[in-house]
Structure formats: C-alpha cells, structure tokens
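Every chain is numbered from 1, with letters handed out A, B, ... down the list of sequences.
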Amino acid sequence: MRRYEPSEIEPAWVARWEAEGLSEASDDPDDPRPRFYALDMFPYPSGDLHMGHAEAFSGGDAVARYAAMRGHNVLHPIGWDAFGLPAENAAIKHGVAPREWTYLNIEQQARSFRRMGMSFDWTRRLHTCDPEYYRWTQWLFLKLFERGLAFRRESPVNWCPKDATVLANEQVVQGACERCGTPVERRDLTQWFFRITEYAQRLLDDMDDLVDWPERVVTMQRNWIGRSEGAEVTFTIDETGDEVPIFTTRPDTLWGVSFFVFAVEHPLVPRLAELGGTWDLVRPLLERVRSTPLAQREEADTKEGVALGVHAVNPVNGERVPCFVAPYVLMEYGTGAIMAVPAHDQRDFDFARQHGVPVRVVIQPEGEAPLDGDAMPEAYAGEGLMVNSAPFDGERTPQSIAKVAAWLRDQGRGAPAVSYRLRDWLISRQRYWGAPIPIVHCLDCGEVAVPEEQLPVELPEDVDFTPGGESPLARHPTWKSVACPNCGGPATRDTDTMDTFVDSSWYFFRYCSPGFDAGAFRPDDVHRWMPVSQYTGGVEHAILHLLYSRFFTKVLFDMGLVGFTEPFPRLMNQGQVIYGGAAMSKSKGNIVEPMPIVERWGADTMRLQMLFAGPFEDDIDWKLIAGDPDKRPGVTSWLGRVFGVVADAVASDVTEHEPLVRLTHRTVRAVTEDMDRFRFHTAISKLMVLSKEMRSALDAGHGARGAAEALVPMLAPLAPFAAEELWRVDLGHAESVHRAPWPSFDPGLARQERVVLVVQVDGKVRDRVEVEADADEAACREAAVASENVRRSIGDRAIRSVVVRPPRLVNVVTER
RNA sequence: GCGAGAGUGGCGGAACGGCAGACGCGCCGGACUUAGGAUCCGGUGCCCGAAAGGGCGUGGGGGUUCAACUCCCCCCUCUCGCACCA
C-alpha cells in the first residue's frame, strides 16, 4: 500500500523544483508560448505569513500553475511591500532597527512561502525598501514633479497625534487613525500631493470597458471618485462685491435659495464677519471647530452655525439672502460655500428651522396638495414641477436640471459643472521608514529636483526614529544639509518620506525587468508581459491600492512609457479567513496560523482546505472548516486515498472499462471549465468523484491507469506536491507534472452514452428511466409512458400535453 | 440615508429555467483493532410508511412558466462599502 507522507515528500520537491528552475519565467522574446502574468498582491512583512496569505496565495498559485500547464509562459513573481509604520513602531517598542525588523520578517515569510511550494520566480524578488527599488520610486516622483502632478500645498491635513504623522483621507476610518484608532486632529502643514484629481474622469471612464472586476470593487471605486453633475453658480456678496462660486447638483432649485453658507475654513469668512460685525460670535466657532478632532466633528449632527451679518445676492433673481458660517459645509468638497434651499434639501431644512430662515417651495410634486414652506415637516427632495421660478415655472424636474444649467451658461450667471469627491493624494509622511522625497529646498531656487544621477536619496542608518512632530530625518544632524543642485548654495533636503502606497503603485512594472538599472523598468519587457493577466488579492485594497496603481499607469501612459492605461484588466478577490464569525485578532485570542498546519499535515492539505472550503471570493470561517485541529483533515485523507488508488492503477495491468474512460473525459471537461472560472472547490469535488470511481473500478478488477494519468495533472495546480510525487515516482514521468500539458478530453467520450431521463407528471418527478444519450423525442415519450409509476400517477386524467426535452426530461401535463 | 452583495440540511457548500442538497465536514450504525485522534463499508433534508410509495421542503408573500433555488414585483433579515459630498 502506497503511503502518503507529506512531511517527507514536500521539502524534497521544494529543493528539486528550485534546482530545476521550474518556476522561472522566460524573457526570451522568441518564446512561442503566449505570456501569462499571474500577480498576487505582495505581502507586508509583519511577522510570519497569516491565514489570509495562505488563502490568497493558494488561489494565486493555482492560477499560475494552471496557466503554465495550459501552455503559457508564466510570470509569477513575489516581493515585499516593505516600507511602513509598523517597522518603526517595532523599532520603538523593541529597540530593533526598522531595517533589521523588516528583513527578518521578509526572510521568515520567504521561508514559509518556499515551504508551501509557491511557484514564484524568485529571481525577480524585490523589496520596496531596497535602495535599488526606491531609487526608482523617487525617479517616478520626479517624473510626476516634472509634469506638475506632484506639488506642495499648505492644507488642513489629518494628523494622528499618536503616530505623529499626517494621514491620507484614505487612512482615516470614521475619524480615527486607520492603524492605531486614535482620533484624528486637523493641522495646517505644507505637504506633497499627487494630482490624482486630474485623472478622476479617466479613472471613472476606463472602468466601463477596460476592466473585468468584481462588481462591488467597481462600485467602491465609483463611489470613491464620487462624480456629481450639476452647475457652478456665482453669488455676489452684497456688502463687498466678492464673487463666491458655489457648486450645486440642483440648479433647478436656485429660486428657492433662502440663505447662503460658508465652510468654517473658507478664506473670506474672517473678513466678512469683521464687516458684518459678527466676529465676536464667529471667532469662537472657528476656533472650536478647528481644534475639534474630525471624529467628533463628523458626529455632530446639530445644525450649528452663526450668521455673518452680510448678504449674498442670488444671480437668478437678484434676491439678498443672509450668509452663515457652519461646520456642515465642507471646505474640501465643491467650493467650500453653498447655496441653501431648505425646502428641497434636508440639511438646509434642519438648519433653516433652527435659525428661523424662511423655507420657500420651488418644486411641487405633481398631483398632490401644494407644499407649504412654513408647515412642511421635512424637505421634499423628489420629482415635481418647478414653481415660483420664472422663467422656468412648469418645467419638470429632474429633466429641468440640465435646462437650467444651460440657461445659466447662456446668461453668464454660471455653467454646467461636474464635481468629484476624490481629493488629491497626500503622500508626505513625517516618518523615517519610507522613500525620501527627492527634493531639495533652496532659499534662492525654491523646490529643486534631485538630479536623476544622484538617486537614490538614501535613508541614513543612524537616526532617532522615535515619533515627534517632525520627520526623524529632520532631526538627523547632517543628512538634510546639502548643496542646491541648481545654484550650489546651501540648501536642505525635504525630510518627509513617501506614503507606502506610492511604493506599491508600480511594483508590478518592476517585476518585468527586476535588474534593470537604466529606468524603473525596461519598456520592452513591460510591453511583453503587461498588462497583468490575473491579479489576486484582498478586497481591502479595492479602493486605495487599485486606484493609485491605475493612476500611475495612466501617468506612465501619458509619458509614453507604456502602451496601455489599465494595469489589471482582471481581478479576483479572495474572501477573508475569519474564526467563529469574527476577524482573527490578538485581543480575541482566536488567531490560527498556517505554518503549523503546513508542518503537521502538509502544504497540500493547507491549500486544499483553503480552496475546497467554498467559492474563492467567499469568507472562510476556519472554526467551521477545520474542525478538531488534532484530527486528520478530510482533504488529507483524500490525498492518502489518491496515493493508494494511483499506485494500484499503476500496479494493475488490466485495461480500463469504458464507463471509467468516459467519466475521465467528462471530468477533464468539467474540471477545465471550473479552473477557467477559478471554481476550485467544485473542481476538487469532481476529482474526488473520479478517484472514488477509480477505486471502484480497481476493486471490480478493471484498470484505471488512464484515469490516473488525467487525475494527477488535474490535481497539480491544487496540491502540487502530491501530484508531483505521483507523477514522477508512481507514474514514472521524467519531467515535472507542472510542465506537463493539461489533460485534454475527447468530446465524444465526454458525452454520456446512457443518461437518466426524468419523467414528471404535472411537474412532479414520478420516475427516472435510463435511455440512450441520443434518444429522440419519440423514444423519450415512449420510455416515459412505459413507466408503471407514471401511468399510476396519471390515473384516469386526460393528458393535455407532453413536454419533451430529450434526452433529459419528459413532463406529462394532465387535465385537472 | 445611499450603494453593493447574500439568505438552500446540524455545518461549509452544489445545482445551462428541467432529478434540490453534488462533494466534504459532522453525526449514526458496522468492520478491523489493545487502542483510535488511523483505515474501510453502509446510512444521513423533514414528515407518514415495514417496504413499495407518498406528502412537505431553497428567508416571507405574490407573479410569469408545462416546469422557478434560478426570471419579475413587494417585504423581511444579514454582511460589506460610503456616509453632513451640497
């Protein structure tokens, strides 16, 4: 009896595969195979691999191995997203240098990946914290700087007091720091931004036809970009003549404006309050709001605000309406000032009721009693007819919106406009462990790019990286002092580092030509390998990483460096691995780690457990899947049976009987379909059926060699060690199963010769009859009525009609 | 509130509009065993029935159809994302 001993066979195959260079991609331009770029989201090196990695990479590796067996030249690289805050936090907590901590973890993860047998091309391995990598991150920064896409601006920023750093909008979750949960404060700092807003429309448009992604990811990106159509309209401050533009999605309600509101941060506010004699009331509000953490500001739902004592003139009817300043208006969206239409906007309505401002109805729902601004209980935001809005009375909303917008343009009082929720990408970080921003500040020359030949601007080693207000680099005694590259005068380096999302926005380009030192990537190689054939990773990157990478790719396209605008046409998200219905976490004490499973039961078991648990994109509740951790997992037992059945098939010299041959061909067809759609769990179930039928055939004295020759290669992407062992040792092949062609099937043999005909009476199954697969309608009908059971069910009722779908189904419909 | 997705045995999950519950876990019974956390065989949606067979079943309610887990309408529940975005 062939025994299955994963702990003996797996490490040996790891070594042999690597010696054979099994997973190395060919850069030969004449390689006749179609290329396939299988990309997994690269890991962050915090500790050893966790269950999420185990699941994602089990799927990604299956995709890569399957593609290779289907005849592709596969690029399946690995690297580490190695800059970032946790390395510094570990340094502060444990007194180990960020670099040391990071590389220790990388080595640990690399060992674990090897043990798992991931088919990575290790020759292309990269770490974003290596100078030869971040040299090109800095180079890309300079390219954006040259094109005006990287710029510095003083702006209110999210500030995490615990981590002592600025955070991107995307890193603020419900008003708190994404990493540590501390409420975020506001500060005004001069920061570097990438002008991603310039690409908002293209980022939106290209999702329509250039990407085939999970619907929810597309939706999340759409919502994040947040395109709104409407109009920009300019109001005039009566007392000063200041012209203040506002954005509205409802220009059809312009005639219902009864007040006007500025954001707290709006630059006109202090002057207007001074003029209006309200500064004494306004100033406390401004100060309070500015010092309030964003978290609490968002929670405040009271319609607080203060009148400014000045008035805005409505350009459509010349009316003077009072101006307010209120926190519910955001400086970051639109223009930082709004027209307020309480009758048709709930927020404006609440504010108006609070402050005694009149509510004027200008949209009347059709067929209902006239709305009364003084009595209505809430704003009416629905459709209706415009009223009190000469010259537009009687126009139907929402169709009227575009008409009014066009009219505004013709009248010179405004224009149709589009507004986006997307903000520019704040990339400055006042931290040590990141790529330094390659800019020198010179008193005479201003912001000067570090010349390309001086890249990388390397991180110094001897740094005090405890957090504190400014970048650790700023506190280094000598690092920042430098001669201005432009005039040679004394100057200082920019002491901020880049957001790690910058590092991860282009790593997939670098994989194509990892050693290239004349640029971030060799265009020929990128042209040959990209775009990525299949991207695999967690949905937690649905917005940030994917959006930024798409932005970078479009910039590179505009620079003429790449010939495509979308890096990842196809994306699949694995689900999360949870435990007992909740995310695994230290505080819950419910963390399960993959490596102990690999050590005890084998990497193939770990992979099969992940892939067999359910659809790849669904969450896996490990508590429900794994059962007793000391009991042999079901998939391990199955692999053991496969070892036995394959060995027996080899030992048997009798020929196979036809039913098994046919099942084998059917299984190849079905498993191929499943693999093409990443339906690993159903693929595995079909392999289980095949192996079971092989066992039955052998026990009945038939052969199963042909079935084994198909079963083992189909197992290879899913359980690569077991498949390799069986392929080379038991089946005696010289070459690796992972270089074997995917099995093919004969459509004639894949067809069943006899099928089960289901016979229904009035839609209820009454019998099942075996018929020839090519049985025609008459034959099916005949077989159906021949059934005793069917005749009894019909009884003495008359037959009204008989639906026949040969060779699967007959439905006898009776008169009732 | 807005948007997306999902509700099927004890559990994970299958199912081109055509046999609901494939495959697996668990459980029950049996075999082999000093043992079983190993292996093998059989059973396992619920109800009636000794069996043959029958009835009921895919969150709830309607509808389309010879036929609905699947398509349409309404409702309920859950998960995720966004959330004062003008």
Side-chain angles (χ1 to χ4, degrees), chain A residues 1 173-174 214-224 226-228 230 246-250 253 261 263 297-303 326-330 332-341 344-348 350-351 381 419-423 539-540 542-543 575-576 581 608-609 612-615 617-638 640-641 644 679 681-689 692 695 756-768 789 792-793 800-805 808-814:
Chain A
M1 182 66 187
V173 177
Q174 293 186 334
E215 186 61 36
R216 62 173 171 159
V217 176
V218 172
T219 304
M220 275 192 248
Q221 292 232 343
R222 274 224 169 87
N223 292 345
W224 193 261
R227 179 191 155 101
S228 295
I246 58 98
F247 174 77
T248 178
T249 55
R250 293 295 303 275
T253 64
V261 192
R297 186 175 164 183
E298 280 180 4
E299 280 162 21
D301 59 353
T302 54
K303 294 301 169 197
Y328 86 91
V329 175
L330 305 176
E332 302 88 58
Y333 184 77
T335 63
I338 64 156
M339 68 179 211
V341 186
H344 306 296
D345 180 286
Q346 191 58 39
R347 293 155 302 168
D348 296 346
D350 294 341
F351 191 92
S419 189
Y420 300 91
R421 208 188 73 110
L422 183 70
R423 314 285 153 74
V539 74
E540 67 271 19
I543 298 173
Q576 276 192 76
L608 287 179
Q609 281 184 303
F612 188 53
E617 60 275 14
D618 286 9
D619 287 353
I620 295 174
D621 192 331
W622 197 255
K623 192 178 183 182
L624 303 176
I625 291 301
D628 184 343
D630 287 330
K631 234 172 133 176
R632 191 176 208 201
V635 290
T636 317
S637 302
W638 175 59
R641 288 194 293 275
R679 306 271 295 173
H681 66 309
T682 51
I684 292 166
S685 81
K686 283 156 194 162
L687 297 179
M688 287 174 167
V689 172
K692 206 184 254 185
R695 170 49 61 206
V756 173
L757 175 73
V758 172
V759 186
Q760 300 178 331
V761 176
D762 295 321
K764 293 195 174 184
V765 178
R766 293 303 174 189
D767 205 355
R768 300 175 170 88
N789 219 354
R792 192 170 61 234
S793 293
R800 195 168 53 168
S801 67
V802 181
V803 179
V804 186
R805 292 281 175 276
R808 296 280 177 195
L809 180 124
V810 171
N811 187 12
V812 180
V813 186
T814 65

Completion exercise
Ranking S801(A) and T636(A) by the position along RNA chain B of their nearest nucleotide, the one closer to 5' is T636(A)
For [X], report the nucleic acid contact type (base, sugar-phosphate, nothing); a contact means any heavy atom under 4.0 Å.
| X | answer |
| --- | --- |
| I338(A) | base |
| L809(A) | base |
| K623(A) | nothing |
| Q760(A) | base |
| P615(A) | sugar-phosphate |
| R679(A) | sugar-phosphate |
| R222(A) | nothing |
| R632(A) | sugar-phosphate |
| R227(A) | nothing |
| S419(A) | nothing |

Practice task
Could you tell me whether the side chain of K686(A) has a donor or acceptor atom within less than 3.5 Å of a complementary atom in the base of rC23(B)?
Solution key: no
Exercise for the section: Please answer whether the main-chain N or O of A340(A) pairs with a side-chain N or O of D345(A) as donor and acceptor at a distance below 3.5 Å. Expected result: no
Fill in the blank from the handout: With the side chain defined as heavy atoms from C-beta on, R421(A) is closest, among rC56(B), rG37(B), rA83(B), to rA83(B)
Exercise for the section: Tell me the partner of rG1(B), counting only Watson-Crick (N1-N3 plus N6-O4 or O6-N4) or G-U wobble (N1-O2 and O6-N3) with both under 3.5 Å; none if nothing fits. Expected result: rC82(B)
Exercise for the section: Once you apply the 3.5 Å cut-off to both distances, tell me the Watson-Crick or G-U wobble partner of rU65(B), or none. Expected result: none
Exercise for the section: Enter the distance from I338(A):CD1 to Y333(A):OH here, rounded to the nearest 0.5 Å. Expected result: 12.0 Å
